[in-house]
Amino acid sequence: MLPNVPEGAPVLTAAAMRAAEDRAIAAGSSVAALMECAGTGVAEWVHRLAAGSEVLILCGPGNNGGDGYVAARVLASRGVPVRVAALGEPKTAAAAQARAAWSGPVEAFPGGLADGDTAPILVDAVFGTGLTRAVDDAVADAIRLLAGRARLSIAVDLPSGAETDSGGDFGAGKLANFDGTLALGALKPAHVLQPAARHCGAVRVIDIGLGSLDAVLRTSPRPQIAAPGPESHKYTRGMVAVVGGPMHGASELAARAAYRAGAGYVLLLTGGLPHPPHAIVRQRWSPDALADDRIGAVVIGPGLGRDDRAREKLEAALASDRPLVIDGDALHLLDGRLRGRDAPTILTPHAGEFAALFGAGTGSKIMQAQDAARKSGAVVVVKGADTVIAAPGGRVQVAAPTSAWLSVAGTGDVLAGTIGALLAQHVPPFDAASAGIWLHGAAARMIDRCFLADELADALPEALERAR
Ligand SMILES: NC(=O)C1=CN([C@@H]2O[C@H](COP(=O)(O)OP(=O)(O)OC[C@H]3O[C@@H](n4cnc5c(N)ncnc54)[C@H](OP(=O)(O)O)[C@@H]3O)[C@@H](O)[C@H]2O)[C@@H](O)CC1
Ligand SMILES: [K+]
């Protein structure tokens, strides 16, 4: 099953898109030429998907609407039955030119369409990156109704009402659900950040001739993880120590996941009685338990508890020079103790843990994650339906949305163990976090039905095969 957004792709804010557009224009292009490319690209996709069915295109007053008029003209020239409905007259020169080149009738929108008089294929070209304020209820309601009634609904650039840079909803909870979104020139944050991302359906990028795009933010790429070679032994494949606590299941899951993600040796520091899987080496915790030089990464947090003993273990882990994955309970015990730590550190909070650690921030999830990474000096993974990975130097990625079945107890423990396995193999911390999230997401997508976290861990080897 493919991810819903392209992997390793640049993600541009509205301002960065405008800058790219300006560069293209300075190099000899024009808004009209870019719009022609965009509208033609949209028409090509719609033509393929419509298979002869009637298409209704909703056009807004800006250049998103202009793309819609171009698409309508191109589709009609290819014999596809097209209706156009517009929210007022075009306000930009390029959109007015595209409107003038459309020779068919233009219905009023919402107008009569507010009753749901749609076509089998609905194309939303009402608002794109230029939306700066809330959409009228009547407009948002009509788009939602029409998209819901269509057999196939496609958004041009963005679902109208999505806030480009934050992934927020200018439609006051009324964003329509689309089967697909055709991102023009590049992905925008709203294609990967919630709540907007879940309304996009499958996102595909249309090349509109902006040339190569340099972006700080990218979607996570598919990692390349080498299989063991003839020289490999259990320690070169990475030794992971999982520091456990009173909730044994969580640390067991992290340990199991570390093996399943390719670690050569997994040590579980709990002191519980031996039980399957016997490959996990179990030892009692002692203050010098992490002194073994062969330990390549320590995972601490899953099932750790929050009592004095847990604090003591966390102190020892922080004081060691081992690369660390800090998750779950350990995040609650941190209180700014990372300062001065030189060894690689990865924090994996979910939204609640993130807010408890760094406070209620402002700006998009991306900006907040970058800020937290800068302040803590750690790689910060803000988990959720739109997992963001940020490094202290500013590097940032958003993981492709994956299976919603991940929303179950234990999957965070599996992620911590997975990242630990990669970190123990000396993968740099940002890349270890990115690859771990990719493997975790790919395993979930492969199962894509109700599962236990144990089964997710057991699906990691197959995900690993897809990352060769
Ligand atoms: N960048 C590129 O390289 C290329 C970009 N292209 C395309 O351009 C799109 C961006 O176009 P854009 O900037 O004209 O804005 P757009 O999204 O059409 O909407 C703004 C319009 O809506 C209005 N308006 C705003 N809010 C409103 C509200 N709540 N309720 C009602 N009206 C509202 C606002 O008018 P205002 O009232 O604010 O003056 C304005 O008229 C982009 O997504 C892509 O599709 C391609 O054509 C070519 C290359
Ligand atoms: K749109």
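Counting begins at 1 with the first residue of the sequence. All ligand and atom numbering here is 1-based and tracks the order in the structure.
For Asp115, the side-chain contact (heavy atoms from CB on, under 4.5 Å) criterion is met by no residue, not counting sequence neighbours.
Rounding to 10 degrees gives 70° for the angle at the K ion (ligand 2) between OD1 of Asn64 and O of Phe127. Between the OG atom of Ser160 and the O atom of Leu158, the angle taken at the K ion (ligand 2) works out to 100° after rounding to 10°.
Among all heavy-atom pairs drawn from Ala94 and Val31, the shortest one is CB-CG1, 3.6 Å.
Electrostatic pairing of Arg73 and Glu36 counts as a salt bridge here, judged by a charged N lying under 4.0 Å from a carboxylate O. Ion pairing between a basic and an acidic side chain is recognised when a charged N comes within 4.0 Å of a carboxylate O; Asp117 and Arg83 show such pairing. Residues Asp371 and Arg374 are paired through a salt bridge, judged by an N-O separation under 4.0 Å between the basic side chain and the carboxylate.
For the K ion (ligand 2), the nearest N, O or S atom contributed by Asp124 is named O.
Contact check for Pro195 versus Leu175: no side-chain heavy atoms found under the 4.5 Å cut-off.
With 3.4 Å as the limit, Ala125 does not count as an N, O or S neighbour of the K ion (ligand 2). With a cut-off of 3.4 Å, the K ion (ligand 2) has no N, O or S atom of Gly128 in range.
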Quick check on ligand 1: any N or O pairs to the protein under 3.5 Å? One line per pair.
residue	atom	partner	partner atom	Å
ligand 1	1 (N)	Glu21	OE1	3.4
ligand 1	14 (O)	Asn63	N	2.9
ligand 1	15 (O)	Gly130	N	3.4
ligand 1	17 (O)	Gly128	N	2.6
ligand 1	17 (O)	Thr129	N	3.4
ligand 1	17 (O)	Gly130	N	2.9
ligand 1	18 (O)	Asn63	N	3.2
ligand 1	18 (O)	Asn64	N	3.0
ligand 1	29 (N)	Arg133	O	3.2
ligand 1	29 (N)	Ala134	O	2.8
ligand 1	35 (O)	Lys91	NZ	3.4
ligand 1	37 (O)	Lys91	NZ	2.9
ligand 1	37 (O)	Arg133	NH2	3.0
ligand 1	38 (O)	Arg133	NH1	3.0
ligand 1	43 (O)	Thr129	N	2.9
ligand 1	43 (O)	Thr129	OG1	3.4
ligand 1	43 (O)	Asp157	OD2	2.7
ligand 1	45 (O)	Asn64	ND2	2.8
ligand 1	45 (O)	Asp67	OD2	2.6
ligand 1	47 (O)	Asp67	OD1	2.5
ligand 1	47 (O)	Asp67	OD2	3.4

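For residues 392-417, the salt bridge (Lys or Arg N to Asp or Glu O under 4.0 Å) pairs, not counting sequence neighbours, are Arg395-Asp431.
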For residues 351-359, which side-chain donor-acceptor pairs fall under 3.5 Å, sequence neighbours excluded?
residue	atom	partner	partner atom	Å
Glu353	OE1	His350	N	3.0
Glu353	OE2	His350	NE2	3.3

